[in-house]
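In what follows, a structure is listed as structure tokens, so that the remarks can point back to it.
Keep in mind that what you see is a predicted model, and the values were worked out from it rather than measured. Reckoned from all heavy atoms, side chains included, excluding hydrogens, waters and symmetry mates. Letters A, B, ... are given to chains in the order of the sequence lines, protein chains preceding strands, and every chain is numbered from 1.
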There are 2 protein chains.
Amino acid sequence: MGTENINILIADDHQMVIDGLKMMLDNQNYNVISEANNGQEAIDLINVNPLKYDLVLTDISMPLLSGTELCKMIKAQFPHIQVLILSMYNNAQAVKEAVLAEADGYILKNSGRSELLQALHRITNGGTYFSQDIVPIIYGQYQKQKVQDEKLNVLSPREKEILSLIVKELTSEEIAEKLFISKKTVDNHRQHLFVKCNCKSTVGLVKYAIANGLE
Amino acid sequence: MGTENINILIADDHQMVIDGLKMMLDNQNYNVISEANNGQEAIDLINVNPLKYDLVLTDISMPLLSGTELCKMIKAQFPHIQVLILSMYNNAQAVKEAVLAEADGYILKNSGRSELLQALHRITNGGTYFSQDIVPIIYGQYQKQKVQDEKLNVLSPREKEILSLIVKELTSEEIAEKLFISKKTVDNHRQHLFVKCNCKSTVGLVKYAIANGLE
DNA sequence: TAAGCTATAGGTATATGTACCTATTAAAAT
DNA sequence: ATTTTAATAGGTACATATACCTATAGCTTA
């Protein structure tokens, strides 16, 4: 077997780009086993035999189905397939979309062969790769996640702990036992949670917790 | 208390459309609590207080961030918020995008007030609404959504309806009033839901509903 | 026809949650 | 040094949910 091979599908609406990529990957342990000229073609190919592919190398702007859309579909349906997005642009929106689409990497088309190989290496080893010049852009996206986290931060540690147990379907009494405190204390925390989460019942707390990533 | 209110955010880059919609929704149990002139503004508003909103009514073509992108972000980050997309066009691509973005509904701007209200009613009761003339278009892309929906299909329509209202933080009594049935009936449905959803309390029902896209 | 499911509704009893209070202690912030 | 806050816990009262029952009417399916 030797070093295991990575089976790749390339999606790009310019055949020249595909050919160039294939040459770059020649003599590496990467097999380009399929090509597609747009996202739809790519997803169709994948649908035929999803397990055949380890990684998809895709352009971002393609007719019918864009690279980010393709990525979203892949991640939703075939999460074992990794996705590296190739883009002409390094604008914030495109990167943001790629990040939201859960791409494993994003590099620019003017990247050299070495950067391509580095990105592939990192990704196939379970990591991610984003071009250095777009890292600041990603940080902008970071904040958004933080906003949610910060919301949970208005809850005290104990409140978060109790909310977490509520979501696990424990009753106040069970929570009290588990934390070695009085049921009354738990109920008081619950009351405070209502105020802080701006809701009026445990149902609202559960929704809040899920919406804010506490699970 | 009466029937509970639905808090709505409207996103459209034409103030006239916003004003028109507000008038259409006047005197209904819908509160338009925020307005935005593009998707970015909308998502910023939502980020400030996600739980404030029950539903977003959005145009599809807007500067900075389109309606479908907005929808995707909402569904990814705040799945409790429902989205009804308003479009000028009924072309396949736009509808497909809306479906992929997991919009709860898609209607055309030339729809009348009654269709708008019908769509809102269906959506806020846990269903979806797509203009009749675009239904055939949707079928092609339907598959993905079905996987999740099939889980919910073990629930009877009435059970789904009641589950939906439970998640909206209504008590059994309030649900009974709203549906003109006895509180006992609601409680019986609740019991059946426990069995079908394999959980032991309302907390579990809420988690099930959110996990399966019923909101 | 019989069986099964859905939706309806009632009874009874208990468990749990929710809405208000007050109050103490320790720690953190002003 | 004073004020706030978190975490603790108690009381009382009421609301709501949960666990069991039975039962009927309508509709679908074997």
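Listed by residue number, the members of residues 185-194 of chain B with any heavy atom below 4.0 angstrom from DNA chain D are B:Asp187, B:Asn188, B:Arg190, B:Gln191, B:Phe194.
Comparing B:Lys183 and B:Pro157 against DNA chain C, the residue whose closest nucleotide sits nearer the 5' end is B:Pro157.
Between the CG atom of A:Leu155 and the P atom of D:dT5 there is a distance of 15 Å, given to the nearest Å. Taking atom CD of residue A:Glu173 and atom P of nucleotide D:dA9, one finds them 14 Å apart after rounding to whole Å. Going from atom CD of A:Glu159 over to atom C1' of D:dA6 covers 8 Å, rounded to whole Å. For A:Leu179 and D:dA9, the CG to C1' distance is 15 Å, given to the nearest whole Å. Rounded to an integer number of Å, the gap from CG of A:Leu163 to P of D:dA6 is 15 Å. Between the P atom of D:dA15 and the CG atom of B:Leu170 lies a distance of 18 Å, rounded to the nearest Å. If you measure from atom CG of B:Leu165 to atom C1' of D:dA17, you get 17 Å, rounded to the nearest angstrom. Nucleotide D:dT24 holds its C1' atom 16 Å from the CD1 atom of B:Ile181, rounded to whole Å.
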Distance-only donor-acceptor hits, side chain of residues 180-187 of chain A, under 3.5 Å, sequence neighbours excluded:
{"unit_1": "A:Ser182", "atom_1": "OG", "unit_2": "A:Lys184", "atom_2": "N", "d": "2.9"}
{"unit_1": "A:Lys183", "atom_1": "NZ", "unit_2": "A:Asp187", "atom_2": "OD2", "d": "2.6"}
{"unit_1": "A:Asp187", "atom_1": "OD1", "unit_2": "A:Ser172", "atom_2": "OG", "d": "2.8"}

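Checking B:Ser156 against B:Glu159 by side-chain atom types alone, a donor-acceptor pair falls below 3.5 Å.
The local environment of CG in A:Asn49 is crowded, with over 12 non-hydrogen atoms from other residues, nucleotides or ligands closer than 6.0 Å. Under a cut-off of 6.0 angstrom, the local environment of CG in A:Asn47 is crowded, with over 12 non-hydrogen atoms contributed by other residues, nucleotides or ligands.
If you run side chain to side chain contact (heavy atoms under 4.5 Å, CB included) between A:Ile81 and each of A:Leu55, A:Asn7, A:Ile74, only A:Ile74 comes through.
A:Glu177 is linked by a side chain to side chain contact (heavy atoms under 4.5 Å, CB included) to A:Glu173, counting only residues two or more places apart in sequence or in another chain.
Among residue pairs with one or both ends in residues 41-65 of chain A, those qualifying as salt bridge (charged side-chain N to carboxylate O under 4.0 Å, His left out) are A:Asp59-A:Lys109; sequence neighbours excluded.
In terms of phosphate contacts, B:Thr202 brings a side-chain nitrogen or oxygen within less than 4.0 Å of OP1 or OP2 of D:dT18. Between A:Lys196 and D:dA6 there is a side-chain polar atom (N or O) within less than 4.0 angstrom of OP1 or OP2.
Between A:Tyr208 and A:Leu155, the closest side-chain pair of non-hydrogen atoms falls below 4.5 Å. For the pair B:Ile8/B:Tyr53, no side-chain contact is recorded, criterion being any heavy-atom separation below 4.5 Å from C-beta on.
Between the CD atom in A:Gln40 and the CG atom in A:Leu45 there is a gap of 10.5 Å [rounded to 0.5 Å].
One end of the helix from C:dT1-D:dA30 to C:dA29-D:dT2 points its axis 60° away from the other end's axis, with each axis taken from 5 pairs and the angle rounded to 10°.
One finds a salt bridge joining B:Lys72 and A:Glu69 here, because a Lys/Arg side-chain nitrogen approaches an Asp/Glu carboxylate oxygen to under 4.0 Å.
Extent of DNA chain C lying under 4.0 Å from chain B heavy atoms, first and last nucleotide in 5' to 3' order, is C:dT6 to C:dT12.
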